Amino acid sequence: MLDLKELQNSFEQISKKLQKKGVDEKILQELKEIFIALKQKRASLEELKAIQNQKSKLFPIYIKEKKDISKLKDELEENKKKIALIQENVNEIEQKLHNKALNIPNIPDDSVPDGVSEDDNVILKEVLKKPEFDFIPKEHWDLDINQNLIDFQRGVKLAKSRFSVLKNSLATLERALYNYMIDFNTKRGFSEVSVPFIANKESLFATGQLPKFEDDLFKIEDEDLYLIPTAEVPLTNLFRDEILKEDELPIKLTSYTACFRKEAGSAGRDTRGMIRQHQFGKVELVAISKPDQSEAVFDEMVSCASDLLTSLGLAHRLVLLCGGDLGFGAAKTIDLEVWLPGQNRYREISSISNTKDFQARRAKIRYKDGKKNRLTHTLNGSSLAVGRCLIAIMENYQKEDGTFEIPQVLQKYINGTR
RNA sequence: CGGGAGAUGGCAGAGUGGUUGAAUGCACUGGUCUUGAAAACCAGCGAGGGUCACACCUCCGGGAGUUCGAAUCUCCCUCUCCCGGCCA
């Protein structure tokens with residue numbers, strides 16, 4: 001969430017930065033005015049409350065001294081009514097302000113390039129050479145020659161479209177990837193955690209999926225619970241409402257979870273194959289850091305994910321997202337795009353974001369900085385989306401006969417299968 | 001899912017209407033003492049808002065209510081623990 005005090009004090013700068021994300025200045029102006037009005041209203045409310053508190057304390061004294069309390073009582077009853085009236089007004093304004101503020105995206109970092117769409121993103125670096133083929137490489141669904149690896153039909157039968165079933169060696173490979181990735185991350189100092197795949201609404205508010213993106217989530221009927229769209233939600237919320245010790249930061253975590261997304265608004269996109277599913281496995285990285293650490297931790301996370309791809313022998317590139325393509329909660333994001341020879345293009349396989357104090361403010365994640373409690377920074381990034389990684393391996397390691405190899409590093413994870 | 005008990009500061013644990021944001025113990029931080037450490041002693045030590053700084057306001061699981069005044073009384077909700085049922 002936006003720091004409203006900051007908005008009041010440095011309106012020009014913040015407003016200018018948020019233009020990058022396409023936020024209308026009028027909304028910010030309104031927000032600022034409501035905030036100032038609220039502060040004034042609150043001040044007068046508190047004054048009346050102070051009177052009420054002070055004079056209430058006179059009762060026991062009056063009674064002891066056998067003085068008449070009826071006049072005092074009348075006075076305070078009157079004052080009480082005034083308080084109730086203003087209180088109601090204050091609550092109303094607070095609610096209004098809060099609702100509006102929750103819908104304002106994070107302020108982009110200064111390093112974020114201007115731009116409105118993914119076409120304006122900046123390619124930072126390409127890693128590894130794209131593989132060359134002396135035949136026309138196929139897309140992943142055409143590589144399942146005997147139909148014994150991916151079962152799309154039965155995935156639909158079990159749930160609905162955009163669900164699939166993995167079988168045989170591909171199922172094994174998926175499991176191998178989870179293990180390999182987590183081991184890889186652990187060696188880089190990320191501690192492994194296993195968390196619920198269901199989260200309550202407080203958690204989803206804290207990381208910013210709610211209230212704005214409810215339509216993208218699978219909600220559990222009659223409960224305030226949702227299937228998680230990413231492990232970022234449970235991992236970050238681990239520390240919600242907590243005050244951490246300075247010397248335990250940065251906290252770096254990795255976890256495998258299934259992720260569930262409605263993909264509302266993606267109708268017609270990637271309908272074929274496993275690129276865009278309602279459920280997919282992902283190994284996630286999350287870090288909680290002090291503000292002055294987050295830049296370095298961010299770089300660490302980017303190299304962790306990139307090195308992981310490199311270790312799998314997958315050509316990829318690092319893309320710095322422009323303001324218009326930046327997610328709601330992110331101050332800065334680097335996407336990793338893997339080369340898919342069958343599609344003949346790069347596709348996003350990982351996305352690493354620094355949300356700075358945006359989530360921390362919503363989630364009240366603080367640390368004790370000497371005497372003061374300060375907000376932490378939070379960062380998240382896919383180590384890799386496992387489903388897309390499977391596709392990448394299939395397509396990049398394919399042979400002319402439609403079979404494909406398994407990267408060296410995964411051999412020991414597949415128990416000699418194949 | 002049925003029956004019972006409970007929810008107070010980092011933890012433990014007092015407090016049942018009145019100057020209580022909260023005793024006490026532990027933990028923690030600073031100091032004295034010590035060659036150093038421990039012990040002992042002294043001091044500090046919840047959170048959010050507000051202010052240049054004070055003042056002041058809010059918070060004793062969450063919400064609503066009674067009252068001049070609520071951690072304490074009433075109602076609703078949630079969660080935890082124990083007993084039973086069911087079940088990975």
Side-chain angles (χ1 to χ4, degrees), chain A residues 1-10 31-99 101-102 194-206 210 219-226 234 237-249 251 258 288 357-376:
Chain A
M1 194 161 78
L2 205 60
D3 183 350
L4 290 168
K5 218 155 125 189
E6 194 64 24
L7 181 72
Q8 187 195 342
N9 295 335
S10 331
L31 215 54
K32 179 183 155 186
E33 276 157 20
I34 297 173
F35 180 64
I36 293 170
L38 175 65
K39 270 170 76 163
Q40 284 167 354
K41 266 273 189 274
R42 225 189 241 146
S44 54
L45 174 67
E46 284 177 10
E47 221 171 285
L48 290 178
K49 279 187 176 176
I51 293 172
Q52 192 77 1
N53 287 343
Q54 254 167 39
K55 296 209 169 169
S56 289
K57 286 176 185 163
L58 293 176
F59 278 81
I61 299 169
Y62 274 37
I63 292 166
K64 202 187 280 175
E65 292 174 1
K66 298 208 163 69
K67 280 197 201 162
D68 179 29
I69 55 168
S70 62
K71 216 179 123 192
L72 187 60
K73 196 168 171 175
D74 289 347
E75 191 188 329
L76 286 184
E77 261 164 29
E78 202 53 40
N79 195 47
K80 195 175 150 188
K81 280 181 201 151
K82 270 196 254 174
I83 290 177
L85 212 65
I86 301 181
Q87 182 76 63
E88 203 181 323
N89 191 237
V90 165
N91 290 349
E92 230 168 79
I93 300 176
E94 236 163 29
Q95 197 59 50
K96 194 164 124 196
L97 184 72
H98 192 66
N99 290 343
L102 280 177
S194 175
V195 290
F197 294 2
I198 289 178
N200 58 29
K201 67 174 190 296
E202 287 78 14
S203 296
L204 286 147
F205 265 98
L210 289 178
K219 185 172 194 303
I220 294 170
E221 204 180 0
D222 298 328
E223 305 260 10
D224 273 331
L225 296 171
Y226 300 79
N237 274 283
L238 242 23
F239 308 100
R240 174 153 53 85
D241 290 320
E242 294 197 12
I243 299 172
L244 304 164
K245 290 198 190 86
E246 185 170 6
D247 58 18
E248 61 185 321
L249 298 173
I251 294 170
I288 314 288
D357 63 7
F358 185 81
Q359 291 178 327
R361 182 170 293 106
R362 289 176 166 231
K364 299 186 176 63
I365 306 175
R366 292 98 76 205
Y367 72 101
K368 207 164 265 299
D369 175 22
K371 191 85 178 129
K372 273 205 141 160
N373 296 327
R374 297 186 58 195
L375 293 173
T376 61

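Below, read A as the first sequence line, B as the second, and so on, with proteins coming before strands; counting in each chain starts at 1. Being a predicted model, the structure only gives us computed values, none of them experimental.
- The residue among A:F59 and A:K5 whose nearest nucleotide of RNA chain B lies closer to the 5′ end is A:K5.
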In sequence, state the C-alpha distance, the side-chain angles, and the governing distance for A:S203 and A:N200, and then conclude on side-chain hydrogen bond (donor to acceptor under 3.5 Å, both in side chains).
CA-CA 6 Å; A:S203 296; A:N200 58 29; 3.0 Å; yes
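- Of the nucleotides present, none pairs with B:rU72 by Watson-Crick or G-U wobble criteria with both distances under 3.5 Å.
- In this structure, the side chains of A:I251 and A:L249 come closer than 4.5 Å at one or more pairs of heavy atoms.
- With respect to A:K219, the side chain to side chain contact (heavy atoms under 4.5 Å, CB included) criterion is satisfied by exactly one of A:D224, A:L225, A:L204: A:D224.
- With both ends at atom P, the span from B:rG44 to B:rC60 equals 26 Å, rounded to whole Å.
- Taking atom C1' on both nucleotides, B:rU24 is separated from B:rC45 by 15 Å, rounded to a whole Å.
- If you find the closest nucleotide of RNA chain B to A:N53 and to A:L58, the one lying nearer the 5' end belongs to A:L58.
- Across the C1' atoms, B:rG61 and B:rA47 are found 15 Å apart, a figure rounded to whole Å.
- Bounding nucleotides for the chain A contact on RNA chain B, 5' to 3', at a heavy-atom distance below 4.0 Å, are B:rG18 to B:rG69.
- B:rU78 is paired with B:rA7 under the criterion used here, namely a Watson-Crick or G-U wobble arrangement in which both key atom distances are under 3.5 Å.
- Looking at heavy-atom distances under 4.0 Å, A:I69 makes no contact with the nucleic acid at all.
- Nucleotide B:rC28 has B:rG44 as its partner under the Watson-Crick or G-U criteria, with both atom distances under 3.5 Å.
- B:rG84 is paired with B:rC1 under the Watson-Crick or G-U wobble criterion, all donor-acceptor distances under 3.5 Å.
- Taking the C1' atom of each, B:rU72 and B:rC59 are spaced 16 Å apart, rounded to whole Å.
- Under a 4.0 Å N-O distance rule, the pair A:K55/A:E75 qualifies as a salt bridge.
- Using a 4.0 Å heavy-atom cutoff across all strands shown, A:K245 reaches no nucleic acid atom at all.
- In this structure, A:K368 reaches the sugar-phosphate backbone alone: every heavy-atom distance under 4.0 Å involves primed, P, OP1 or OP2 atoms, never a base.
- Checked against salt bridge (charged side-chain N to carboxylate O under 4.0 Å, His left out), A:K39 has no partners two or more places apart in sequence or in another chain.
- On the C1' atoms, B:rG13 is 32 Å away from B:rC68, given to the nearest whole Å.
- When side chains are defined from C-beta on, A:L210 counts as touching A:Y226, because their heavy atoms get closer than 4.5 Å.
- Base engagement by A:K80 is indicated by at least one non-hydrogen atom pair under 4.0 Å involving a base atom.
- Within 4.0 Å of A:N79, counting heavy atoms only, lies no atom of the nucleic acid at all.
- Across all strands shown, A:E47 has no heavy atoms under 4.0 Å from either base or sugar-phosphate atoms.
- You'll find the side chain of A:Y62 reaches within 4.5 Å of the side chain of A:L72, heavy atoms only.
- Counting any heavy atom pair closer than 4.0 Å across all strands shown, A:D74 reaches no nucleic acid atom.
- Comparing the same atom, C1', in B:rU19 and in B:rC11 gives a spacing of 30 Å after rounding to whole Å.
- Scanning all heavy atoms of the two residues, the minimum distance from A:L102 to A:R362 falls at O-NH2, 2.5 Å.
- The same atom, P, is picked in B:rG46 and in B:rU29; the two are 15 Å apart, to the nearest Å.
- B:rU78 and B:rA27 are spaced 39 Å apart, taking the P atom of each and rounding to whole Å.
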